[in-house]
Trainee: 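The structure follows.
Along the sequence shown, residues are numbered consecutively beginning with 1. Indexing begins at 1, ligand by ligand and atom by atom, following the structure's order.
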Amino acid sequence: MKKILISGFLFAAATALLTSCSNSAQQGATITLHADKGKQIIPKEIYGQFAEHLGTCIYGGLWVGEDSDIPNINGYRTDVFEALKALHVPVLRWPGGCFADEYHWMDGIGPKENRPKMVNTNWGGTIEDNSFGTHEFLNLCEMLGCEPYISGNVGSGTVEELDKWVEYMTSKGDSPMANLRRQNGREKPWKVKYLGVGNESWGCGGNMTAEYYANVYRRYATYCRNYKGNRLFKVASGASDYDYDWTRTLMKNAGRNMNALSLHYYTVFDWMHKGSATKFDDNDFYWTLAKCSEVESVIKKHCEIMDKYDKKKHVALFLDEWGTWWNEEPGTVHGHLYQQNTLRDAFVASLSLDIFHKYTDRLKMANIAQVVNVLQSMILTNDTAMVLTPTYYVFQMYSVHQNATYLPLDVKCATMSISADRHKNVHESGKLPMISATASRDRKGKIHISLSNIDLENGQTVTINLQGCATPAGATGQMLTSAGINDHNTFDEPDVVKPVPFNDVEISDGTLTVKMPAKSIITLELQ
Ligand code: AHR
């Protein structure tokens with residue numbers, strides 16, 4: 001019996017103890033895959049992204065402008081654009097975040113030299129020149145082939161301003177805002193489905209109470225019109241983490257007026273002591289995954305409340321911000337939330353996605369924060385250099401699950417005991433399984449299985465019993481792992497953590513035996 005005592009406590013009340021079941025070199029795990037019990041499609045929007053005017057997410061990350069020396073396509077960085085295209089981004093949320101509730105869209109249209117500047121008060125006081133605005137964002141979505149998800153300004157904006165933005169983007173008639181759009185070079189309206197009515201309205205979006213915001217939401221949503229040929233999917237600003245009262249009040253007072261309610265959940269320790277993205281020990285690693293896995297209980301509880309007010313599940317839950325939040329990298333601009341991304345972040349991505357797949361009867365979208373250079377990003381850039389993060393590779397390996405039918409599975413494996421600990425922001429005691437898994441069948445009938453072995457020391461022999469499908473002829477796969485859990489990709493060494501082909505699978509009579517190394521993430525395709 002291995003016990004790992006968590007070090008670094010600020011207070012003596014050390015309730016936190018992780019206890020693993022075994023420390024043998026090669027452990028065993030069994031999975032039963034119910035290939036005949038798939039009902040629910042995993043919406044591709046579970047793989048959504050988020051781009052905020054924050055740090056170098058937009059400027060330097062997505063956008064460098066047409067005159068830049070950095071290779072670009074009409075101002076969009078070519079390297080970043082191509083990497084995102086390869087990821088099949090289904091939906092992109094913009095312009096915030098907290099920024100959204102101070103953003104005045106009219107400042108970001110028309111000739112660039114006439115666009116006023118503003119102070120980005122939320123994020124380091126940076127001067128925003130509005131050179132990336134509505135046209136630049138919506139054209140990018142068209143080029144990527146993804147749905148735009150616009151976050152409207154409720155905190156410091158007006159109903160009229162939001163109402164006109166919707167008209168500007170989506171009206172095809174001879175209307176004043178449609179004509180202004182034409183004057184700015186875009187004849188056809190864009191297709192805009194998702195509209196967020198405010199962001200974190202309990203905090204940076206206006207510090208409102210739930211009761212007050214429910215009324216504000218109803219008022220704003222009334223004037224966000226469906227122009228001919230475009231139907232909005234209106235998203236109310238939802239709770240943070242464990243704020244179940246917010247969800248209850250919103251569902252009770254405005255549930256009938258919304259298409260979705262959002263939720264934000266970050267994998268973050270104590271907000272004052274978040275910890276380094278790269279310098280952490282094994283205990284921190286397991287705590288991170290304990291915190292990340294707690295999203296399951298949080299989703300379940302919000303869903304239970306939604307079920308009470310909306311039995312037929314008309315209202316979707318959107319987890320439109322999630323991911324890791326570490327200290328900013330030393331030497332970077334304070335307030336820009338630039339952090340590195342290690343194999344630990346990759347596990348947060350894989351475990352989170354495994355959980356999201358289970359709740360897609362209600363959970364219809366998730367947007368990792370954020371796409372480039374901010375928090376748990378897919379991509380990091382520095383001037384002309386670009387690097388793909390371990391999280392990027394998880395999204396790439398998991399892209400086969402987009403729009404596939406979720407196949408339920410049961411996992412039996414070693415676990416670690418977790419005791420709730422307020423300094424690690426873990427609210428509930430529980431068990432952290434060493435193996436996390438998910439599976440789906442795509443539209444061509446191919447089954448994909450993703451497995452994560454979070455054990456830092458032990459390999460796992462995973463026996464997968466296939467029920468309700470023929471024994472496959474073979475299995476090919478990809479694996480993400482690295483020598484150290486702190487390993488990450490840098491501009492000097494961009495290929496430290498990168499997927500490699502994986503073939504260590506034996507198949508016999510309805511059973512797959514997969515030999516997983518310690519700390520590895522694998523996606524298999526059954527032939
Ligand atoms: O993603 C960074 C910030 O986190 C967002 O702007 C805000 O909505 C959340 O608090």
Trainee: Quick one: do E147 and K191 make a salt bridge, cutoff under 4.0 Å?
Mentor: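 Looking at E147 and K191, the cut-off is met.
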Trainee: Going by ring-ring contact (aromatic ring centres under 6.0 Å, His included), F269 matches just one of W325, F280, W287, W326. Which one?
Mentor: W326
Trainee: Only pairs at least two apart or in different chains count here, so list each salt bridge (Lys or Arg N to Asp or Glu O under 4.0 Å) that has a residue in residues 361-379.
Mentor: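 Every pair satisfying salt bridge (Lys or Arg N to Asp or Glu O under 4.0 Å) with a residue in residues 361-379: D307-R362, D310-R362, K313-D361.
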Trainee: Tabulation required: pairs of a nitrogen or oxygen in ligand 1 and a protein nitrogen or oxygen under 3.5 Å; columns are atom names and distance to 0.1 Å; otherwise 'none'.
Mentor:
residue: ligand 1; atom: 1 (O); partner: Y266; partner atom: OH; Å: 2.8
residue: ligand 1; atom: 1 (O); partner: Q370; partner atom: NE2; Å: 3.0
residue: ligand 1; atom: 4 (O); partner: Y266; partner atom: OH; Å: 3.4
residue: ligand 1; atom: 4 (O); partner: E321; partner atom: OE1; Å: 3.2
residue: ligand 1; atom: 6 (O); partner: E52; partner atom: OE1; Å: 2.7
residue: ligand 1; atom: 6 (O); partner: E52; partner atom: OE2; Å: 3.1
residue: ligand 1; atom: 6 (O); partner: C98; partner atom: N; Å: 2.8
residue: ligand 1; atom: 8 (O); partner: N199; partner atom: ND2; Å: 3.0
residue: ligand 1; atom: 8 (O); partner: E200; partner atom: OE2; Å: 3.4
residue: ligand 1; atom: 8 (O); partner: E321; partner atom: OE1; Å: 3.1
residue: ligand 1; atom: 8 (O); partner: E321; partner atom: OE2; Å: 2.7
residue: ligand 1; atom: 10 (O); partner: E200; partner atom: OE1; Å: 2.7
residue: ligand 1; atom: 10 (O); partner: E200; partner atom: OE2; Å: 3.1

Trainee: Measure the shortest side-chain to side-chain distance between S377 and V371 over non-hydrogen atoms and say whether it is less than 4.5 angstrom.
Mentor: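 SC-SC contact between S377 and V371 ruled out.
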Trainee: With sequence neighbours left out, write down each residue that passes salt bridge (charged side-chain N to carboxylate O under 4.0 Å, His left out) with E142, or none if nothing qualifies.
Mentor: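 If we apply the salt bridge (charged side-chain N to carboxylate O under 4.0 Å, His left out) test to E142, skipping adjacent residues, the hits are R186.
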Trainee: List for me each residue that meets ring-ring contact (aromatic ring centres under 6.0 Å, His included) alongside H104, sequence neighbours excluded, and say none if there are none.
Mentor: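 Per chain and number, H104 pairs via ring-ring contact (aromatic ring centres under 6.0 Å, His included) with no residue.
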